[in-house]
> 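Before I ask anything, here is the structure I am working with.
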Amino acid sequence: MEFFCYHRDRTGSLPLRDALLEEHWSYMDRFDKEMIARGPTLTGDGELPTGSVHIVDLPDVATARAFAFDEPGYQAGVYRDVLLRRWRNLLGRTMWEFPGGPTEGDRYLLLGLGEGPGADLAVPPGRDGLIAYGPLLSDDGERWVGTAALVRAPDPEAARAVLTAGRYADVEVHRWQFGGRS
């Protein structure tokens, strides 16, 4: 089962986040084989972290919850909240298999939340900029609750255009970069 996990930083937690960086990486190293994508979201200027995205393939919901809430930064109070949802990898690859590589162009996290009939359930045309893409689902995997994507795009507006306008209650666009150890 694939899961999308987004830890959002608490205001003023950057010193604590920095102090726990090695613990965070060591924790994530334990999930190296299960990792589909990972990396921090950033302020608009790309200078400071604002959160942490992890897309992982884990055996069940209980394991995913443990993954999200046992993370050292969460345990220490770095994050203000955690979004954890089932996810379906429509591209069938990891971020490391993205042909654009880890640094070419600007990168964004798209997070579209909605309800009702699913939207954007197929890979959109022009998938060259898609790093990771798929629907967010209820815990049982039956109900669509949104779409999450990591994309390479020239600006936030172009990134936002990947999701169908008018089909979401809210769409967030965050700067993002490939994560993990150098």
Side-chain angles (χ1 to χ4, degrees), residues 1-8 21-42 46 49-74 79 82-113 118 120-139 141 144-154 156 158-160 162-163 172-182:
M1 291 180 192
E2 297 155 334
F3 294 88
F4 174 87
C5 182
Y6 182 31
H7 292 86
R8 297 173 198 259
L21 188 58
E22 180 55 38
E23 284 183 59
H24 167 78
W25 282 347
S26 293
Y27 180 79
M28 291 302 161
D29 287 347
R30 296 174 21 203
F31 299 93
D32 188 48
K33 290 180 179 27
E34 294 85 5
M35 200 69 63
I36 295 167
R38 67 186 286 187
T41 54
L42 306 164
T50 60
S52 191
V53 173
H54 296 90
I55 303 175
V56 292
D57 190 355
L58 298 169
D60 53 46
V61 173
T63 304
R65 286 188 177 136
F67 168 84
F69 298 111
D70 289 347
E71 192 277 335
Y74 178 82
Y79 308 114
V82 177
L83 173 65
L84 179 64
R85 287 285 175 219
R86 291 272 304 270
W87 186 76
R88 188 170 304 124
N89 186 355
L90 294 184
L91 298 178
R93 67 176 185 223
T94 71
M95 72 179 203
W96 297 276
E97 298 166 304
F98 172 61
T103 58
E104 181 183 308
D106 291 334
R107 313 305 175 93
Y108 299 92
L109 162 66
L110 293 175
L111 190 56
L113 303 176
D120 299 317
L121 297 175
V123 176
R127 67 184 272 184
D128 293 349
L130 297 178
I131 299 163
Y133 184 88
L136 297 167
L137 305 166
S138 57
D139 283 352
W144 177 86
V145 297
T147 304
L150 300 172
V151 302
R152 178 182 61 195
R160 167 61 184 88
V162 169
L163 299 182
E172 299 176 23
V173 180
H174 303 272
R175 286 187 71 97
W176 174 83
Q177 68 183 28
F178 275 50
R181 295 183 189 275
S182 301

> Is His7 reaching over with its side chain to a backbone N or O of Ala68, donor-acceptor style, under 3.5 angstrom?
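Yes, because the side chain of His7 sits within donor-acceptor range (under 3.5 Å) of the backbone of Ala68.
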> Begin from the C-alpha positions of Asp106 and Arg175 and carry the test side chain to side chain contact (heavy atoms under 4.5 Å, CB included) through to its verdict.
CA-CA 8 Å; Asp106 291 334; Arg175 286 187 71 97; 3.6 Å; yes
> Run the side chain to side chain contact (heavy atoms under 4.5 Å, CB included) check on Glu34 and Phe3 step by step: do they pass?
CA-CA 10 Å; Glu34 294 85 5; Phe3 294 88; over 6 Å; no
> Taking all heavy atoms of Arg107 and all of Glu104, pick out the closest pair and write down the distance.
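Where Arg107 meets Glu104 most closely, the heavy atoms are NH2-O, 2.7 Å.
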> Taking Asn89's backbone N and O only, do any of them form a donor-acceptor pair with Glu2's side chain (distance below 3.5 Å, no angle check)?
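Yes; judged by distance alone, with no hydrogens or angles, the pair exists.
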> Say whether, by atom type as modelled, one donor and one acceptor occur between the side chain of Arg86 and the main chain of Asp139 under 3.5 angstrom.
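Such a contact is found between Arg86 side chain and Asp139 backbone.
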> With respect to Tyr6, which candidate in Ile55, Leu84, Thr41 satisfies the side chain to side chain contact (heavy atoms under 4.5 Å, CB included) definition?
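Option passing the side chain to side chain contact (heavy atoms under 4.5 Å, CB included) with Tyr6: Thr41.
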> Quick one, Ser52 and His24 - any side-chain contact, counting heavy atoms below 4.5 Å?
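A side-chain contact exists here, since the closest heavy-atom pair is under 4.5 Å.
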> To the nearest 0.5 Å, how far apart are CE in Met28 and CZ in Arg38?
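Reported value, rounded in 0.5 Å steps: 6.5 Å.
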> The criterion is side-chain contact (heavy atoms from CB on, under 4.5 Å); which residues satisfy it with Ala159, sequence neighbours excluded?
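Ala159: side-chain contact (heavy atoms from CB on, under 4.5 Å) contacts with Tyr108, Leu110, Val151, Ala153, Val173.
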> Measure the shortest side-chain to side-chain distance between Leu130 and Leu90 over non-hydrogen atoms and say whether it is less than 4.5 angstrom.
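Counting from C-beta outward, Leu130 and Leu90 never come under 4.5 Å.
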> Between Ile131 and Phe178, is any pair of side-chain heavy atoms under 4.5 Å apart?
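SC-SC contact between Ile131 and Phe178 confirmed.
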> Pairing donors with acceptors under 3.5 angstrom, does anything connect the side chains of Asp29 and Ser26?
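Ser26 and Asp29 do not have a side-chain donor-acceptor pair below 3.5 Å.
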> Which atom names give the shortest non-hydrogen contact between Trp176 and Leu109, and what distance separates them?
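For Trp176 versus Leu109, the nearest heavy atoms are CB-N, 3.7 Å.
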> Using a strict cut-off of less than 4.0 Å between a Lys/Arg side-chain nitrogen and an Asp/Glu carboxylate oxygen, indicate whether Asp32 and Arg181 qualify as a salt bridge.
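Salt bridge: no.
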> Please tell me if the side chains of Phe4 and Leu83 come closer than 4.5 Å, counting only heavy atoms from C-beta onward.
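Sidechains of Leu83 and Phe4: in contact.
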> Where do Ala148 and Trp87 come nearest, in terms of heavy atoms and distance?
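Answer, listing the atom of Ala148 first, then Trp87: O-NE1, 3.4 Å.
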> Would you say Arg93 has more than 12 foreign heavy atoms packed within less than 6.0 Å of its CZ?
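Atom CZ in Arg93 is packed in, count exceeds 12.
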> For the atom pair OG1 (Thr147) and CZ (Arg85), what is the distance rounded to the nearest 0.5 Å?
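If I round to the nearest 0.5 Å, the distance is 13.0 Å.
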> Taking all heavy atoms of Leu150 and all of Ala37, pick out the closest pair and write down the distance.
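Between these two residues, the closest heavy atoms are CD1-CB, 3.6 Å.
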> Is there side-chain contact between Leu136 and Leu111, with at least one heavy-atom pair below 4.5 Å?
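Of all side-chain heavy-atom pairs linking Leu111 with Leu136, at least one is under 4.5 Å.
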> How about Tyr74 and Tyr79: are their ring centroids closer than 6.0 Å?
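No, ring centres 6.0 Å or more apart.
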> Decide yes or no on side chain to side chain contact (heavy atoms under 4.5 Å, CB included) for Met95 and Met35, but give the supporting numbers first.
CA-CA 9 Å; Met95 72 179 203; Met35 200 69 63; over 6 Å; no
> For Phe31, which residues count as a ring pair (Phe, Tyr, Trp, His ring centres under 6.0 Å) partner, sequence neighbours excluded?
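Result, ring pair (Phe, Tyr, Trp, His ring centres under 6.0 Å) vs Phe31: Tyr27, Phe67.
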> Between Val61 and Met1, which heavy-atom pair has the shortest distance, and what is it?
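Val61 and Met1 have their closest heavy atoms at N-SD, 4.4 Å.
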> Trp144 side chain to Pro135 main-chain N or O, any donor-acceptor pair under 3.5 Å?
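Here the side-chain-to-backbone pair does not exist.
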> Nearest 0.5 Å please: distance from the OG1 atom of Thr63 over to the CG atom of Asp57.
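Thr63 OG1 to Asp57 CG: 11.0 Å, rounded to 0.5 Å.
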> Of all the heavy-atom pairs spanning Tyr133 and Pro124, show the shortest one and how long it is.
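It is CZ-CD, 3.5 Å.
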